[in-house]
Amino acid sequence: MQTRRLDPSDAGLATAAEILRDGGRVAFPTETVYGLGADARQEAAVAGIYAAKGRPSFNPLIVHLPDLEAAGQVAEVTPLAERLAGAFWPGALTLVLPLRAGAGISPLVTAGLDTVAIRVPAHPVARALLEAFGGPVAAPSANPSGQVSPTRADHVLQGLDGRIEAVLDGGACPVGVESTIVSLIGDAPRLLRPGGVTLEALEAALGQPVPEGGPAGAQPTAPGQLASHYAPEAAVRLNVTEPGAEEIWLGFGPECAGALLSLSETGDLGEAAAALFHALRAVDALAEGRGIAVAPVPEIGLGRAINDRLRRAAAPRD
Ligand code: AMP
Ligand code: MG
């Protein structure tokens, strides 16, 4: 299969929407990372996402929709969901909600659960694609399962060229880390994954703490939650202020003058999130047998999402 690179013109978007209607896969930019989209109602199309990524099918996918009204056709929108949607949609927040029976979402999307993860993206190309297509788009990140997430069309092609029908090239993703996932199943909201919307902002909007983790007894539900993920080929060591001779140093902040590359020389967490996955790919390509040593990143704001991804990148591999 030849993977087409489409520009986000009217013609490119019309082609992308047609591919989705025909049950094909289109990678597209969002404000977080590039997603690998397919029609969430077509079983074979969704199966095609799992096949292209080599992703285990017990891991559910996020459904992308244009607005809260469309979300209400797929899921039960609770008052808390409305409040969070009002504060953060369109944007980098995914809500896990009760699935509406008869919504027509393929059970492969939800991994057979009676809940569904929904996001309303803000990126203009993602929004234009949703409008041109006119239906729910299931999309995980557009990379082979377990590898570093893609924030540019080139990253998508590095992992999936020849395995998907097309990629819409919308340039670099501005947020750079995946969405924050909040479950509204059960009696209180839970943070399932830190991401582009900070925990501080969530808690301010809700006026209550949002504890981490699923309800008691819930199994880990997706690759982004598996211990080893986002993994470069080189070994990764974290919180390094003095790198070894056989390590490439990835810096953060003004104290890392000797670093080969920096996530943000000024210590700006937004800049670091946007740079993270491209920087991991870049140092990995330069490693040649050396390890990657990453400078400490503070565990506040977007630093939580950055550290979450870095911990998984550094975790022992299976
Ligand atoms: P990814 O598509 O790789 O960003 O991963 C999708 C994420 O959505 C995973 O981390 C899942 O944990 C989460 N997710 C999707 N659907 C559900 C659901 N019904 N319940 C809990 N988590 C979900
Ligand atoms: Mg992913």
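Every number for a ligand or one of its atoms is a count from 1 in the order of the listing. Along the sequence shown, the residues carry numbers beginning at 1.
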Answer yes or no: does an N/O atom from E178 fall short of 3.5 Å to an N/O atom of ligand 1?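 So ligand 1 has no N or O lying under 3.5 Å from an N or O of E178.
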Are any of the N/O atoms on R55, whether in the backbone or the side chain, positioned under 3.5 angstrom from an N/O atom of ligand 1?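 By distance alone, the answer is yes.
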Heavy-atom side-chain contact between S179 and E31 under 4.5 Å: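 No, too far: nothing below the 4.5 Å cut-off.
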If we only count heavy atoms from C-beta on, is the T15 to R4 side-chain gap below 4.5 Å?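 Contact flag for T15/R4 side chains = yes.
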Looking at ligand 1, is there an atom of it that comes within less than 4.0 Å of some heavy atom belonging to T110?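 It does not; every heavy atom stays at 4.0 Å or beyond.
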For atom 15 (C) of ligand 1, which candidate among A117, G35, G195 holds the nearest heavy atom?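 Checking each option, the heavy atom nearest atom 15 (C) of ligand 1 is found in A117.
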Find the distance between CZ (R152) and CG (L157) and round it off to the nearest 0.5 Å.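 These two atoms lie 13.5 Å from each other.
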Considering the heavy atoms of [X], write down every atom of ligand 1 situated less than 4.0 Å from one of them.
X: L192; result: 21 (C), 22 (N)
X: P60; result: 6 (C), 14 (N), 15 (C), 16 (N), 17 (C), 23 (C)
X: I181; result: 7 (C), 8 (O), 10 (O), 13 (C)

E178/R119 ion pair, N-O < 4.0 Å: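 Salt bridge: no.
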Using side-chain hydrogen bond (donor to acceptor under 3.5 Å, both in side chains), reason through T3 and E165 one step at a time and then give a plain yes or no. CA-CA 5 Å; T3 301; E165 282 74 9; over 6 Å; no
Would one find an N, O or S atom of S141, in either backbone or side chain, under 2.8 Å from the Mg ion (ligand 2)?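 Under 2.8 Å: S141 contacts the Mg ion (ligand 2) through an N, O or S atom.
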For the residue pair V26 and I19, what are the closest heavy atoms and their distance?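 Shortest heavy-atom contact: CG2-CG2, 3.7 Å.
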Indicate, as side chain, backbone, both or neither, the part of T115 found under 4.0 angstrom from ligand 1 when only non-hydrogen atoms are considered.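 Both backbone and side chain.
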Please work out whether the ring planes of H155 and H278 are parallel, tilted or perpendicular, with thresholds of 30° and 60°.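 Because their plane-to-plane angle is under 30°, the rings of H155 and H278 count as parallel.
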